[in-house]
Amino acid sequence: MNEKPVSAEEKRSPGKLVLASLVVSRFATQPSGILTGLLLIDIGLTFECPVGVMGQIRTASSMAALIFALLMGALSIRFSHKSLLVMGLLFLGISGLGSGFATNFVMMLAFYSITGLGVAMATPMGLTLVGEHFPLEKRPGAIAWILTGAAVSYFVCAPAIGFIAGLGGWRLAFLGFVSPICAVALLLAAKGLPAMSGKQHPAISPRSYFEGFKRVFSNRSADACLAGTALSFAAWQALLLYSSSFNRQRFLVSTGFATVLLMGAAACFTLGNLVSGRLIKRFGRKPFTVLTALLTGIFVISYTNVPNLWLSVALGFLGCLFSGMRFTASNSLTLEQVPGFRGTMMSVSTAADSGGAALGAGVGGLALLMFGYEGMAISLGVMGIASAIIFQLLATDPTRTGMHKKS
């Protein structure tokens, strides 16, 4: 049951700024989503769209991310992982500017979709660089810190966005907060990451671009990780996208109080990230992924189906806690599936995230329009439970079965 000893190449020590750069880069992928989750009602009022319809800007962004993440599987073989990460941060900044200046729903849909391109580039490259710069035993901890960077963004971004929106509306929040954060992350990544990170050989045959996809999609365990990730990410949308609107509409809480609740949810998600590194080492990548995916689905179903605000908040917070754990566990499991093509594996995994987000936003929005918040939560929570079943029955941990070797 012991993990295979790492090679000398895997024992390289990362530079001091490497982890900090990756954490801040992941942080920068979050503000746009936090803004739309917190202020979706306000954006919808501007464009005269109901919440269920306005939420489809997230569906469009997720679909764009899904498509581009698949393309990233090939680009990651040809281009520097660092340059792709930096380009993704640039797209995120452009999306923030365009969304802030959008004059109608279609324009908002188009510019917000660019967020998906940025996420499709920055997210997998950040995780791929963990595989390059950290030894095997330190990767769960590094991934936990990177995902914690995403969670901590809620503490910083939620109150800042709420304050800025109170001064100048949701447009000012995009222009005065989202884009500047992306610029800071871009500069830090440019300085903190080694110049040759992930640099590939310039003369690669066209067949090489498809080899990574072949190795990923012919691996049953890797495919199970992708399917499980997509379904668990869909379930997460019930908390990420719709919980603030649920609290505002069902319990009539103010935007300010919804911000406080969002920060509490972020605290639970962050705690889940922070403790998961050690728990993964103790229980294993796969068992911990299965358990946390299952509990996330259960609490997603529960939080809208109770009549009391505080009980609902408590159940939602528990869902966020286990979602944070699941994020770290499933990413740690996925990263090790095809070690010879980590760039492709994590790019396709990001596509699965995006597909799951689109599925969650789309199905959740439709269920919300047809059956209310309870129907939305049940439909997405069941997906979370299904993801746990897939991880349990079909996924394996190569580091625990002697399969972990260079492809």
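All residue numbers in this chain count up from 1 along the given sequence.
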- prompt: Mind checking what makes ring-ring contact (aromatic ring centres under 6.0 Å, His included) contact with Phe251, not counting sequence neighbours?
  reply: Phe246
message: Any heavy-atom pair between the side chains of Ile41 and Ser245 that's under 4.5 Å?
response: yes
- request: Find out whether Arg342 and Gln337 are in side-chain contact, i.e. whether some heavy atom of one side chain is under 4.5 Å from a heavy atom of the other.
  value: no
- prompt: More than 12 non-hydrogen atoms from neighbouring residues, nucleotides or ligands closer than 6.0 Å to CZ on Phe371, yes or no?
  reply: no
- prompt: Would you say the side-chain atoms of Ser25 pair up with the backbone N or O of Ser21, donor to acceptor, closer than 3.5 Å?
  reply: yes
message: Let me confirm one number: the OG-CD1 distance from Ser99 to Ile43, rounded to the nearest 0.5 Å.
response: 8.0 Å
task: Find out whether Phe105 and Met54 are in side-chain contact, i.e. whether some heavy atom of one side chain is under 4.5 Å from a heavy atom of the other.
output: yes
- request: Verify, without hydrogens or angle tests, whether Ser61 (side chain) and Gly116 (backbone) share a donor-acceptor contact under 3.5 angstrom.
  value: yes
task: Identify the two heavy atoms, one from Ile280 and one from Ala329, that lie closest to each other, and give their separation to 0.1 Å.
output: CD1-CA, 3.6 Å
field: Rounded distance (nearest 0.5 Å) linking atom CG of Leu90 with atom CG of Leu85
entry: 11.5 Å
task: Compare every heavy atom of Leu309 with every heavy atom of Asn247, then report the nearest pair and how far apart it is.
output: OD1-CD1, 4.1 Å
field: Under 3.5 Å donor-acceptor, Tyr373 side chain and Asn305 backbone
entry: no
query: Is a side-chain N or O of Arg139 found less than 3.5 angstrom from the main chain of Ser332, in a donor-acceptor match?
result: no
task: Please check if the side chain of Thr29 supplies one atom and the backbone of Arg26 the other of a donor-acceptor pair under 3.5 Å.
output: yes
query: Are any side-chain N or O atoms of Ser276 and backbone N or O atoms of Asn273, one a donor and one an acceptor, separated by less than 3.5 Å?
result: yes
- request: Provide the closest heavy-atom pair for Phe27 versus Pro31 in the form atom of the first, atom of the second, distance.
  value: O-CD, 3.2 Å
Cys225 to Ala395 - nearest heavy-atom pair and separation: SG-CB, 4.3 Å
task: Taking the side chain as every heavy atom from C-beta outward, state whether Phe391 and Lys286 have any pair of such atoms under 4.5 Å apart.
output: no
Spacing of CD1 belonging to Ile143 relative to CG belonging to Leu19, to within rounding of 0.5 Å: 11.0 Å
Side chain proximity check, Leu22 to Leu127, heavy atoms < 4.5 angstrom: no
- prompt: Are side-chain N/O atoms of Tyr303 and Ser243 paired as donor and acceptor at under 3.5 Å?
  reply: no
query: Within the distance-only criterion (no hydrogens, no angle test), does the side chain of Thr292 pair as donor or acceptor with the backbone N or O of Thr289 below 3.5 angstrom?
result: yes
statement: Contacts of Phe327 meeting ring-ring contact (aromatic ring centres under 6.0 Å, His included) (sequence neighbours excluded), chain-then-number -> Phe233, Trp236, Phe269
Can I get a per-line list of side-chain donor-acceptor pairs under 3.5 Å for residues 167-194, giving both atom names and the distance, sequence neighbours left out?
{"from": "Trp170", "atom 1": "NE1", "to": "Thr46", "atom 2": "OG1", "distance (Å)": "2.9"}
{"from": "Arg171", "atom 1": "NH1", "to": "Gly100", "atom 2": "O", "distance (Å)": "3.2"}
{"from": "Arg171", "atom 1": "NH1", "to": "Ala102", "atom 2": "O", "distance (Å)": "2.3"}
{"from": "Arg171", "atom 1": "NH2", "to": "Ala102", "atom 2": "O", "distance (Å)": "2.9"}
{"from": "Ser179", "atom 1": "OG", "to": "Gly93", "atom 2": "O", "distance (Å)": "2.8"}
{"from": "Ser179", "atom 1": "OG", "to": "Leu97", "atom 2": "N", "distance (Å)": "3.1"}

- prompt: How many angstroms lie between atom CZ of Phe283 and atom CG of Leu291, to the nearest 0.5 angstrom?
  reply: 8.5 Å
- prompt: Got a sec, which residues hit side chain to side chain donor-acceptor pair (under 3.5 Å) with Ser323, two or more places apart in sequence or on another chain?
  reply: none
- prompt: Does CZ in Phe257 sit with more than 12 non-hydrogen atoms of other residues, nucleotides or ligands closer than 6.0 Å?
  reply: yes
message: With rounding to the nearest 0.5 angstrom, report the OG to CD distance, Ser232 to Gln237.
response: 10.5 Å
- prompt: Can you tell me if Asn219 and Ser221 form a side-chain donor-acceptor pair at under 3.5 Å?
  reply: no
task: Measure from the side-chain N and O atoms of Thr115 to the backbone N and O of Leu92, and report whether any donor-acceptor pair falls under 3.5 Å.
output: no
message: If you compare all heavy atoms of Ser347 against all heavy atoms of Met125, which two are closest, and at what distance to 0.1 Å?
response: OG-CE, 3.6 Å
field: Thr328 side chain vs Met325 backbone, donor-acceptor pair below 3.5 Å
entry: no
- request: List the steps, then state whether side-chain contact (heavy atoms from CB on, under 4.5 Å) holds for Leu231 with Ile385.
  value: CA-CA 9 Å; Leu231 289 174; Ile385 295 172; over 6 Å; no
- prompt: Would you say Ser349's side chain and Met345's backbone share a donor-acceptor pair under 3.5 angstrom?
  reply: no
- request: Nearest 0.5 Å please: distance from the NZ atom of Lys82 over to the CG atom of Leu129.
  value: 10.0 Å
Closest contact, heavy atoms only, Met376 versus Leu368: CB-N, 4.2 Å
- prompt: Are Phe47 and Leu109 close enough, and set up right, to give a side-chain contact (heavy atoms from CB on, under 4.5 Å), and what steps lead you there?
  reply: CA-CA 11 Å; Phe47 299 122; Leu109 189 72; over 6 Å; no
task: Would you check if Phe322 and Ile298 make a side-chain contact, meaning some heavy-atom pair closer than 4.5 Å?
output: no
query: Yes or no on side-chain contact (heavy atoms from CB on, under 4.5 Å) for Leu295 and Leu318, after CA distance, side-chain angles and deciding distance?
result: CA-CA 9 Å; Leu295 291 174; Leu318 286 171; over 6 Å; no
- prompt: Tell me the salt bridge (charged side-chain N to carboxylate O under 4.0 Å, His left out) pairs involving residues 357-382, sequence neighbours left out?
  reply: Arg250-Glu374
Beyond-backbone contact of Val300 with Thr296, side-chain heavy atoms, under 4.5 angstrom: yes
message: When you compare the side chain of Ser153 with that of Ile34, does any pair of heavy atoms fall below 4.5 Å?
response: yes
task: Not counting sequence neighbours, which residues clear side chain to side chain donor-acceptor pair (under 3.5 Å) with Asn331? List them please.
output: none
